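Computed from a predicted model, the values in this text were never measured in an experiment. Per chain, numbering begins at 1; letters A, B, ... match sequence-line order.
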Protein chains: 2
Amino acid sequence: METSVGIVTTEYAEFDLELRLESGRLLGPITLAYETYGTLNDRRDNAILVTHAWTGDAHAAGRHHPDDRKPGWWDGMIGPGKVLDTDRFFVICSNVIGSCKGSTGPTSINPRNGRPYNLNFPVIMVRDMVRAQVLLIDRLGIDRLVTVMGGSMGAMQALEWGIHYPERVRSIIPIAGTGRTSPMAISLNAVARQAIYNDPLWKKGNYRPEHPPADGLALARAIGHISFLSDASMQMKFGRRFSARDGQFDFFGQFEVERYLEYNGGSFIDKFDTNSFLYLAKALDLYDVAFGFDSRREALSQLQCPSLWFAFTSDWLYPPYQTEEVVEILRELDKPVEYHLIDSAYGHDSFLVEPEKFTPKVVELLDRLTAEK
Amino acid sequence: METSVGIVTTEYAEFDLELRLESGRLLGPITLAYETYGTLNDRRDNAILVTHAWTGDAHAAGRHHPDDRKPGWWDGMIGPGKVLDTDRFFVICSNVIGSCKGSTGPTSINPRNGRPYNLNFPVIMVRDMVRAQVLLIDRLGIDRLVTVMGGSMGAMQALEWGIHYPERVRSIIPIAGTGRTSPMAISLNAVARQAIYNDPLWKKGNYRPEHPPADGLALARAIGHISFLSDASMQMKFGRRFSARDGQFDFFGQFEVERYLEYNGGSFIDKFDTNSFLYLAKALDLYDVAFGFDSRREALSQLQCPSLWFAFTSDWLYPPYQTEEVVEILRELDKPVEYHLIDSAYGHDSFLVEPEKFTPKVVELLDRLTAEK
């Protein structure tokens, strides 16, 4: 049985307009990179929006070329007969603004001077990412999405959809998210930022693409990487194993966990733009569902559709209590809400590592929504 | 009532010998900086050794000058009528080898070439620190210590004393420690190290003292600092407050927690030597009580004296389960062991912030030992 969406192509939607951002600044024109899987039905009512995390992209499923080593980042979830069943649903994944994966971001050309924005790019919030996604959903001629679903920064986007566009969504599924980023999470981003600022090649964002601040970005990524894992998953994967090629008493000798972090940080520099990394970190830090409202309660009272929440026991970046605070308020407001605390040892990354632990509940919700319509 | 030990002076013990380290390398001559409070009695049996953490020093109590703004780092614990009552006990605190606070370390002169060791300093283990402390206790003419007590790296030293010098200690009190450093703790040190390596001023350790790799060290310290705090303590202290002088949409705008980390990292560079920071981080990473034994069980079976352990609920650097693993083995071995899990929100630093939560148990033990003798 074929379960892959096969060969896919990233598409680019161009919007010749200026978007008013939360900061008050204007951004435009805007390009959004996106991919779609499955077919939009005649009633245009079978669309699902998948929202990606920090360094994610529009390529959620399938392969761009037959010889691609890896498929899209959530290929296990999206395809014929899969959780997001492309025989039934039209699945959309759009790269966020601020990113470097095809959508308008700091590497894009600033129409005011013909040069890359770099630090002239405006500070954006998650809400701005969603505002741009709305343009895409409009362009595709879709009134209402069956659901908006994503993990981490993707969960924030799902929640913003539910609160600011209640008439456009029939449900939201925020996974491993938070209602507002904690000072612990902010502080981890702060030291990651500083690692980049300390790199002389960063040049206040004016590096040339071929000479990025590689050491700073690799270190920043390694710091982030730690926060995506957990004490338990590191114990399982690395324990205290020392690198076989190093002596324990070598000054530069490394434990396996160090080598792993260094390797992963190093391989990241070819994959992601430094300024984009910084702008998206900023958007994460600024995230507070209550922004622009008098309280979280007032913000959450805007939500009209059912919401399905997942948090993971070992997630210390956005710990379960942060999801539970939001769920508790929604319950007080008598909103239709379902919450599952998933026992997983893989930290924040659990939503990518053990999706089978929560996907049955997603299927249940999608079946219910499909039966209702 | 006078509760301060008053004006104190750091003393320096010189040992004209070469110490064989765990690495097999020789280190000598050796200087140990130390302070003492109270009076050694005629039977020389009222001495307590206090062991310090990573960036600590010998100055645990009192003031060096009447106008010192702050007293020693554990002044609340040490003095007439205090937990470590200097009317009864002779309290010793010695700076560890590898540090830059007066004991032999990477900033010391290498007798082989008359220049600072820098990276020619040997990699040391906590066990080596203890081996050097034994020289000092010998020099002071003390056969047996009433207790060895310390937090964090100080807890490791206390445990090493109990295991390797069982005839020299009547009890040990390890606080907020671990039986072996976890890959999570190692990974945090790994990124701190990398922050220093990335600083061009580090020069593989051959910076001049007046031109230290300040940016790298400040960042490394900020990373460490995060691991000493907790999600809850950061929520209490900072929440999501934004710096009053910054705009929320300024690219370089900071949350208060960021400013705090930056300030503390920056103030650290005048207080500590970068290479010492690296060598002590290495010693922390290498710490495993089982080193040189077939198992932790075999190592812990060497312990003869009562041990009193404290761990803190919010400590995620050396989480309680790590102390509990050691305590469990000691119980299986029928060793006299007492363990208290202390409810505190201040993370790893709890042992410095809320000592009153555990000190009654320390007083109990010391009273019992004093009554016995």
Side-chain angles (χ1 to χ4, degrees), chain A residues 21-25 119 121-123 125 180-191 193-195 197-200 205 215-216 218-219 222-223 225-226 229-231 234-235 237-241 248-251 253-258 260-262 265 278-279 282 285-286 288 316 319, chain B residues 21-25 119 121-123 125 180-191 193-195 197-200 205 215-216 218-219 222-223 225-226 229-231 234-235 237-241 248-251 253-258 260-262 265 278-279 282 285-286 288 316 319:
Chain A
L21 304 173
E22 288 296 323
S23 64
R25 286 185 59 181
L119 296 204
F121 196 75
V123 166
M125 297 186 80
R180 57 182 175 211
T181 308
S182 70
M184 172 62 83
I186 292 168
S187 70
L188 291 163
N189 281 351
V191 289
R193 262 190 282 284
Q194 198 60 53
Y197 297 168
N198 280 0
D199 190 327
D215 291 346
L219 176 54
I223 292 168
H225 202 125
I226 293 171
L229 305 178
S230 77
D231 184 47
M234 285 182 169
Q235 293 278 13
K237 187 159 184 170
F238 307 105
R240 289 181 47 84
R241 278 198 312 284
Q248 175 161 358
F249 294 106
D250 296 351
F251 182 84
Q254 290 186 311
F255 285 86
E256 282 291 347
V257 68
E258 295 186 75
Y260 171 81
L261 288 171
E262 186 174 293
L278 292 168
Y279 273 93
K282 190 85 183 167
D285 290 352
L286 291 177
D288 183 349
W316 63 280
Chain B
L21 303 173
E22 288 295 323
S23 64
R25 286 185 61 181
L119 295 205
F121 196 75
V123 166
M125 297 186 79
R180 58 184 176 208
T181 308
S182 70
M184 172 61 84
I186 291 168
S187 70
L188 291 162
N189 282 350
V191 289
R193 261 191 283 284
Q194 196 61 52
Y197 298 168
N198 280 0
D199 191 327
D215 290 346
L219 176 54
I223 292 168
H225 202 126
I226 293 171
L229 305 177
S230 76
D231 183 48
M234 285 182 169
Q235 293 277 13
K237 188 160 184 168
F238 307 105
R240 288 180 48 84
R241 278 199 312 284
Q248 176 161 358
F249 295 106
D250 296 352
F251 181 84
Q254 290 186 310
F255 285 86
E256 282 291 348
V257 67
E258 294 187 73
Y260 171 81
L261 288 171
E262 186 174 292
L278 291 169
Y279 273 93
K282 190 85 183 168
D285 290 352
L286 291 177
D288 183 348
W316 62 281

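B/Ile186 pairs in a side chain to side chain contact (heavy atoms under 4.5 Å, CB included) with only one of the listed residues (A/Arg240, A/Gln254, A/Glu256), which is A/Arg240.
With rounding to the nearest 0.5 Å, the separation of CG in B/Leu21 from CZ in A/Phe249 is 8.5 Å. Taken to the nearest 0.5 Å, the CZ atom of B/Phe255 stands 10.5 Å off from the OG atom of A/Ser182. Between atom CE of residue B/Met184 and atom CH2 of residue A/Trp316 there is a gap of 5.0 Å, rounded to the nearest 0.5 Å.
A/Asn198 contributes a side-chain N or O that, together with a main-chain N or O of B/Asp215, makes up a donor-acceptor pair within less than 3.5 Å.
Chosen from A/Leu286, A/Ile223, A/Asn189, the residue pairing most often with chain B at heavy-atom distances under 4.5 Å is A/Leu286. Counting heavy-atom pairs closer than 4.5 Å to chain A, the top-ranked of the candidates B/Gln194, B/Gln248, B/Lys237 is B/Gln248. For the options B/Gly239, B/Pro200, B/Ala185, B/Ala195, heavy-atom pairs under 4.5 Å to chain A are most numerous at B/Gly239. For the set A/Ser23, A/Ala190, A/Gly253, A/Ala218, the count of heavy-atom pairs under 4.5 angstrom toward chain B peaks at A/Ser23.
With a threshold of 4.5 angstrom between heavy atoms, A/Phe251 approaches chain B through its backbone and through its side chain. For A/Thr181, the parts lying under 4.5 angstrom from a heavy atom of chain B are both the backbone and the side chain. The contact between A/Leu119 and chain B is made entirely by side chain atoms (from C-beta outward), counting heavy-atom distances below 4.5 Å. A/Asp285 touches chain B through backbone and side chain together, each having a heavy atom under 4.5 Å away. Interface remark: A/Leu188 contributes backbone and side-chain atoms alike to the contact with chain B (heavy atom separation under 4.5 Å). Using a 4.5 Å cut-off between heavy atoms, A/Phe121 does not touch chain B at all. In this structure, the portions of B/Asp288 lying under 4.5 Å from any heavy atom of chain A include both its backbone and its side chain. There is no contact between A/Arg241 and chain B, counting heavy-atom distances below 4.5 Å. If you measure heavy-atom distances from A/Val257 to chain B, the contacts under 4.5 Å come from the side chain alone. Contact annotation for B/Pro122: neither backbone nor side-chain heavy atoms come within less than 4.5 Å of a heavy atom of chain A. Heavy-atom distances place both the backbone and the side chain of A/Glu22 under 4.5 Å from chain B. At a 4.5 Å heavy-atom cutoff, the contact between A/Leu261 and chain B is made by side-chain atoms alone.
At a threshold of 4.5 Å between non-hydrogen side-chain atoms, the residues B/Val191 and A/Leu219 count as touching.
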